[in-house]
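Since the structure comes first, as structure tokens, the remarks are kept for the end.
A, B, ... follow the sequence lines: proteins, then strands. Residue 1 opens every chain.
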Amino acid sequence: MDLSFSAEHESFRCEVLSFLESHRDQAPRPGGPSALMWQKLLIANGYAARSIPTEYGGYGASPDILKSRIIAEEFARAQVSPGLGGQGISMLVPTLLEVGSEEQKRSIIGPTLRGEMVWCQGYSEPGAGSDLANLRTKGELVGDHWVVNGQKIWTSTAHLADWCFCLVRTEPDAPKHQGISFLLFSMKTPGIEIRPLIDMTEGHSFNEVFFTDVQVPAGQIVGKRGDGWKVANAILRHERGSLADPNTMLSRLGALTEMMKTETVDGRRAIDDPLFRDRFMRIEAKVMAMRCNDLRLLSAAVNGHSPGLAGLVVKLQGTELRHELERLAIDVMGEMGLLYGDGTPYLRDRGSWQWNYMFFLGLIIGGGTSQIQKNIISERGLGMPREPKLATA
Amino acid sequence: MDLSFSAEHESFRCEVLSFLESHRDQAPRPGGPSALMWQKLLIANGYAARSIPTEYGGYGASPDILKSRIIAEEFARAQVSPGLGGQGISMLVPTLLEVGSEEQKRSIIGPTLRGEMVWCQGYSEPGAGSDLANLRTKGELVGDHWVVNGQKIWTSTAHLADWCFCLVRTEPDAPKHQGISFLLFSMKTPGIEIRPLIDMTEGHSFNEVFFTDVQVPAGQIVGKRGDGWKVANAILRHERGSLADPNTMLSRLGALTEMMKTETVDGRRAIDDPLFRDRFMRIEAKVMAMRCNDLRLLSAAVNGHSPGLAGLVVKLQGTELRHELERLAIDVMGEMGLLYGDGTPYLRDRGSWQWNYMFFLGLIIGGGTSQIQKNIISERGLGMPREPKLATA
Amino acid sequence: MEFGLSQEQTMLQESLARFLGESGNLARSRRFAADKEARAQDVIDGMAELGVTGLIIPEDHGGVGLSLLDAALVSEVLGANVTPAPFIGSSVLAPLALMGAGDAGQQGLWLPKLASGAVVAGVALSEAVGARDGAGVEIRDGKLYGRSLFVVDFEADLYVIVDRSGELHLVAADSPGLTRTPLRTIDLTRPTGELRFDGVEAEPLNSGDTAVALRALIDAGRVMIAADTLGAAQAMLDQAVTYAKERKQFDRPIATFQAVKHMCAEMAADLEPCRALVWYAGHALDHLPAEASITACHAKAHLSEVGTQIAKTATEVHGGMGFTDLVGLHYWFKRIGFNRQILGGPQTVREDAARLKGLAA
Amino acid sequence: MEFGLSQEQTMLQESLARFLGESGNLARSRRFAADKEARAQDVIDGMAELGVTGLIIPEDHGGVGLSLLDAALVSEVLGANVTPAPFIGSSVLAPLALMGAGDAGQQGLWLPKLASGAVVAGVALSEAVGARDGAGVEIRDGKLYGRSLFVVDFEADLYVIVDRSGELHLVAADSPGLTRTPLRTIDLTRPTGELRFDGVEAEPLNSGDTAVALRALIDAGRVMIAADTLGAAQAMLDQAVTYAKERKQFDRPIATFQAVKHMCAEMAADLEPCRALVWYAGHALDHLPAEASITACHAKAHLSEVGTQIAKTATEVHGGMGFTDLVGLHYWFKRIGFNRQILGGPQTVREDAARLKGLAA
């Protein structure tokens, strides 16, 4: 057990701090430098796309999880934008690096990293949520084009994206998991209709996307025909952990403490209410546990160990915990916690507590419901048997 | 909505009160009148075996649920023994009245009611708990006797009982639920071995019972061969509701209030601790809800309505709630709540909080685990489908 | 001895539910929200026709003269249908205030108008339970000064105001010196808002025992809110069960998965006893004065806890669809969320009950 | 940067578990309980041989000189095996008290004997966390008067006593005026009891900063108890999973029922992050003084809550069998129940943490 960093890493941290010090005025802000310029600067200095090979537009450093963590920590602490995110960078790029063709890597990764090519993910469908392999959007090879028809849902940023990476059933006669291909196409292709999917937060984070005879050049496929499920699963694993970052929870806890010191009922501060205080401390203990668990995962990753159960439980515990934390904030505010919508008088923290309370209920469901997570934990984590096959299936 | 009682019932309540007033010195106590004498007196006055026909040894009144309730309430309030209980009276007698032969009714019900014939119930087996119909204790008809071999478990009062009503597989080739018969036999029959089943309370409320070539006269069967499952199910329904009486919970709450006024930490009373007080009030609200639910069930019974969901949830909610209530008491006592065993210094209320905490965990499990209860609620109460059949079953 | 609903009570609920169904239900609520309507006059008119606006107002003032239990049953139906119409303030608390603390003249003037639905009354009661941001109203030289927040049935013609000393007042919505500011909340079906008083003429409601009348308002308000949550939670559970039976994943309805069945069973097991609790609490308001306040607290607090849990679980049963606006499930989610905080969150209300029982200072 | 156990630490846990397995495990605990043994000397001797009794005692006093994290790892193994032997008091808190507040003579006299297992020390600390029934010890004219309840590792030769003013004292078990009364609890694996002092000669432990030393005792005690619960809860979960795979009902292992799988998954999801929390809290005791007390509180409180839930759920997975003495699961249930109340129940400990953070008075 050693929570200190090596001299190399400490000196790296100093580099990061000095970069932040001298460049923070170039970070994007409304009316100021653009996000794309900032991203270029970050890549050039190895603070974005750090371990992606230079020939594909990255910085080309050898992977070092601790350095990545140090960058993330210090940018967060300095409240400076860590550069572009999004599903193209976080999900498509690692996939292409693993299974893309050389041509795909060269033409796509660079522009994606630089934010010149914004991606959306076409996976879920109305009939294919928990049972994603049940997807029905079909692609038929007609001449040298895939002709895609069907519907996707939960397509975040579809309305902002240039391109889509999309799961499509191309082999209707193959078994469910073996009939899917992973296609790439421009969102400007004729036949694509995007409808905003308004959610309970009143926000527009997601879309429904409809495909009618969308023509995709035959070569715009990642992996082979029918390999789409395998390709997609490699990335899904990337997604699940990121929904419940304990450091974000710690900063929410900090904000909650401040709020509890200012909210009053009949002049009495919420922090002086033993019941609210106890609920707060209870949540803090859980957040502490998740933060320690996260250190353990980091350490396992550094040492190339399998995280096992400690990794499998993060999504379930983290999203529930975050929901609980935001719930407490609303209870602390009482009626004030009901206020919502820009410009509403008395609104606290721009409604972020309510927004997060609802959004995290969405995250409890999204990316594998809690029920699916429990199946995974019991089967992969505890070695319990899968449910027996049904008589009629 | 009318919570008052009719004039007839009010006057009946007066009768009960005056009986209690004039006869309470005859109630059983150590070194005083015997329980059997008291039982006779209660039957003669219609305060026990009230609606059982006189020809079978009962009082012969027409059934009146409210009068039964009044009797129960007033005896409880006066803290006077309401007479004998046990599985013979509460389960076997109603069964015999429904499906017993005239001969069985005449020979068994009277002695059972008077406490001259004490019964135990031979249902559960090590391999047949939730899946009771899986029972394997077998009975073979050899000449004019059933020869019974096998093992029962959870046989409460087996060590005190004169007789046993027992489920036995007599038709090994019939489908699971149709191969069982309901036999009656004396616990003095050779071949019966009783082993105490000590439980987590350190107590001996249950037994394991082993049968080796136990000979039971062929006529000692209730219903027909193979009807045992139906016969047993009629009574199981009687059992489930009784595990979670809200009036008992109310009296436990009262005791808990008193305790919270006397327990102190560093001189501060538990009742003055806002956290304990809040937990108490939270539980009180739940108990109130169960008490109101109970009034609703009573009213439905009086009017011959089906209780529906309100009845199906009682066992699950009641046992969990009782466990939660006893848990709070232990937390209030802190280290003092750990004390256990007769004669232990500082022991509160003879350890009853710990005992009940553990015993009610047993009741959460016994008589249909919470998981089985939830199946029942979802299927019978909400009309959700049963789990589909398995491919290999 | 009859603990249950009479045929008349069941019919009242059914006829109201039928009318709300005809008036469009969720679609009507969506339109109300989208168009930022102040009042859904068609819904109010329909409720008036059914006698709901005058439900507890005596017949000689143009009402139906029913009990507070009946009002709770109405509140339940309104919650079940996320109805965008005033009721708790205008048809329960304001009439109660007039009946408990108004004089004959005030009663004769206002009760018939409330009964007919011609006038809508809001009730400013929040500060009597707990004042936030220093809100509260004081009377000086017979005029009101200060602020009331989270007025129940805010889009009104008339207001019942509770001041800091617990006295009740009547104020017309168009009184000089009165500023009304809507407060937008998560629940778009029930407008609420702030009243600012800068020397507003007020008519005192002081013909009875004001302290008793105020307590009766708080108790009744809590029971009505509990009933609203009961209806909304039951509707969410029903929708979850229906959805689970229809929705297929892995080639079978998700209702056949034990995890989903047990989520529904837990909701039902928590909720069903709440129904009897709300009945009892409603009955107690009129008939069991010694128990009324404590039972009202228990109903409010317990339904808030159970409702919050069901709002979450029922949404989860719906999967992603529950999170979208497509099925509109969030209207119920937010209604329950609103009810939780109004007239005292669960902890506050439990502490109130503990005080009533003499267990807290 | 390495957040995890070293090979040596894993080996320590494994070798201790192996020895406890050989010494009989549950059967040994059953015998200890049935025979009302005061001390399981064979177990103590085995632990001494492995260096466990002297784990945190410096090598120049005959110990192994390991850290408090290592002690927490031992505590975890003892909890997992419901071991009927002293450890937290005798091998952690008493050595800490001597090392933190004893003088060289006291250290030289007692530490080697504790390290070898020749002497067992109990620790009377409960009243420093919260006194029940007016218990507590005072010093008058250099002699102790009063009562200490729930002494950790009660069956001892020597006691570390905390008096009402927070001062520490050493008292021999056979001191005149000292009366020892065992207090039987649900947990039959760890004897506790009461000490009554009627003018007992005591040796002060006052060579360091006593306040710091006392706080270190409370913190370390809480982390050790949390670790014991971690081990016990993990053992219950493991037993539940194993049982579910073996037990058949309805012609299939109950581990194939989604309800049972999810019960186990919830236990695992709650418990697994606790492991990292206990590691961190153990590490903090030696290396992160600013965080040590708060983290100890969090570990104690959180493990108590999670442990209580797992104790119940794992028993339920076992069905009726879990309720019987046959499989002995209740030994773990009661160990967790004992740990919950000792050195402060979860609410008390959270309030302590809030005070440490400056959030409570």
Side-chain angles (χ1 to χ4, degrees), chain B residues 124 126-131 133-134 153-154 197-202 206 208 263-268 273 275-276 279 323 327 330-347 351 354 357-359 361-366 369-372 374-375 387 390 392-393, chain D residues 126-127 129-136 149-150 181-188 192-194 247-252 254 256-260 263 308 311-312 315-326 328-331 333-334 337-338 340-348 350-351:
Chain B
S124 298
S130 291
D131 186 10
N134 197 39
I153 194 170
W154 303 113
L197 182 65
I198 304 302
D199 61 59
M200 71 190 296
T201 69
E202 304 183 18
F206 303 98
E208 294 181 285
E263 288 294 324
T264 59
V265 178
D266 293 335
R268 180 201 204 192
D273 178 328
L275 291 161
F276 284 136
R279 282 174 66 186
H323 182 73
R327 149 100 278 145
I330 295 169
D331 279 351
V332 163
M333 292 183 286
E335 296 99 327
M336 292 294 187
L338 298 171
L339 299 172
Y340 202 61
D342 289 342
T344 301
Y346 300 105
L347 184 66
Q354 270 290 353
Y357 177 61
M358 293 188 277
F359 196 74
L361 178 53
L363 289 186
I364 287 171
I365 296 165
T369 63
S370 289
Q371 285 58 57
I372 297 290
K374 289 177 195 172
N375 284 349
E387 226 192 337
L390 302 184
T392 54
Chain D
S126 291
E127 286 72 28
V129 172
R132 296 193 175 262
D133 278 27
L149 290 168
F150 301 102
T181 312
L183 295 173
R184 189 185 188 286
T185 74
I186 49 166
D187 179 8
L188 299 177
T192 186
E194 175 184 19
R247 169 77 173 170
K248 283 192 178 186
Q249 289 281 270
F250 306 103
D251 300 315
R252 51 196 267 206
I254 63 170
T256 63
F257 285 100
Q258 208 180 19
V260 174
M263 289 165 88
T308 302
K312 173 170 181 277
T315 305
E316 284 190 72
V317 170
H318 280 79
M321 203 45 61
F323 180 65
T324 68
D325 183 53
L326 292 174
L329 193 72
H330 64 95
Y331 277 85
F333 183 97
K334 291 166 180 170
F338 184 93
R340 181 180 173 99
Q341 309 299 348
I342 289 293
L343 296 192
Q347 294 175 188
T348 305
R350 282 193 291 268
E351 189 68 355

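Contacts of B:Tyr357 with chain D are made by side-chain atoms alone, with heavy-atom separations under 4.5 Å and no backbone atom involved. Neither the backbone nor the side chain of B:Ala133 comes within less than 4.5 Å of any heavy atom in chain D. Heavy-atom distances place both the backbone and the side chain of D:Phe338 under 4.5 Å from chain B. The contact between B:Tyr346 and chain D is made entirely by side chain atoms (from C-beta outward), counting heavy-atom distances below 4.5 Å. Only the side chain of B:Leu197 comes within less than 4.5 Å of a heavy atom of chain D; its backbone N, CA, C and O stay farther away. For a residue to count as touching a neighbouring chain, one of its non-hydrogen atoms must lie under 4.5 Å from one of that chain's; by this rule D:Thr315 touches chain B with backbone and side chain alike. Only the side chain of B:Ile364 comes within contact range of chain D, with at least one heavy atom under 4.5 Å from a heavy atom of that chain. Only the side chain of D:Leu149 has a heavy atom closer than 4.5 Å to any heavy atom of chain B. Within the 4.5 angstrom heavy-atom criterion, only backbone atoms of D:Val129 (N, CA, C, O) approach chain B. With a 4.5 angstrom heavy-atom cutoff, D:Met321 touches chain B via backbone and side-chain atoms both.
In terms of heavy atoms, B:Met358 sits closest to D:Phe333 at CG-CE2, 4.2 Å. Scanning both residues, B:Val265 and D:Gly130, for their nearest heavy atoms gives CG1-CA, 3.7 Å. A pairwise comparison of heavy atoms in B:Gln371 and D:Ala259 identifies CG-CB, 4.0 Å as the closest pair. B:Glu335 approaches D:Leu343 most closely through the heavy-atom pair OE2-N, 4.3 Å.
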Report the C-alpha distance between D:Ile342 and B:Leu338 in whole Å, list the side-chain angles of each, state the deciding distance to 0.1 Å, and finish with yes or no for side-chain contact (heavy atoms from CB on, under 4.5 Å). CA-CA 9 Å; D:Ile342 289 293; B:Leu338 298 171; 4.0 Å; yes
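One finds the CZ atom of D:Phe250 at 8.5 Å from the CG atom of B:Asn134 (value rounded to the nearest 0.5 Å). D:Gln341 contributes atom CD, which lies 5.0 Å from atom CG of B:Asp331 (distance to the nearest 0.5 angstrom). Here CD1 of B:Ile365 is found 10.0 Å from NE2 of D:His318. Values are rounded to the nearest 0.5 Å. Rounded to the nearest 0.5 Å, atoms CG (D:Leu326) and CD1 (B:Ile153) are 6.0 Å apart. Here B:Asp199 contributes atom CG and D:Thr324 contributes atom OG1; the two are 8.0 Å apart, rounded to the nearest 0.5 Å. A distance of 6.0 Å separates CG of B:Leu361 from CD of D:Glu316, quoted to the nearest 0.5 Å.
Of the charged side-chain nitrogens involved, none lies within less than 4.0 Å of a carboxylate oxygen, so that D:Glu351 and B:Arg268 do not count as a salt-bridged pair. Comment: B:Glu202 engages D:Arg184 in a salt bridge, judged by a side-chain N to carboxylate O separation of less than 4.0 angstrom.
Comparing B:Pro126, B:Ser370, B:Gly351, B:Gly343 by heavy-atom pairs within less than 4.5 Å of chain D, the highest count is held by B:Pro126. With chain D as partner, the option from B:Glu208, B:Glu263, B:Gln354 having the largest number of non-hydrogen pairs under 4.5 angstrom is B:Gln354. Each of B:Ile330, B:Asn375, B:Thr201 has some count of heavy-atom pairs under 4.5 Å with chain D, and the biggest count is that of B:Ile330.
At a threshold of 4.5 Å between non-hydrogen side-chain atoms, the residues D:Gln258 and B:Glu387 do not count as touching. Side-chain contact between B:Leu339 and D:Phe150 is present, with at least one heavy-atom pair separated by less than 4.5 Å. Contact of the D:Arg340 side chain with the B:Arg327 side chain is registered, since non-hydrogen atoms from C-beta on lie closer than 4.5 Å.
Counting only distance, with no hydrogens or angles, the side chain of D:Gln249 and the backbone of B:Ser130 share a donor-acceptor pair below 3.5 Å. Of the possible polar contacts, none joining the D:Asp325 side chain to the B:Met200 backbone as a donor-acceptor pair under 3.5 Å is found.
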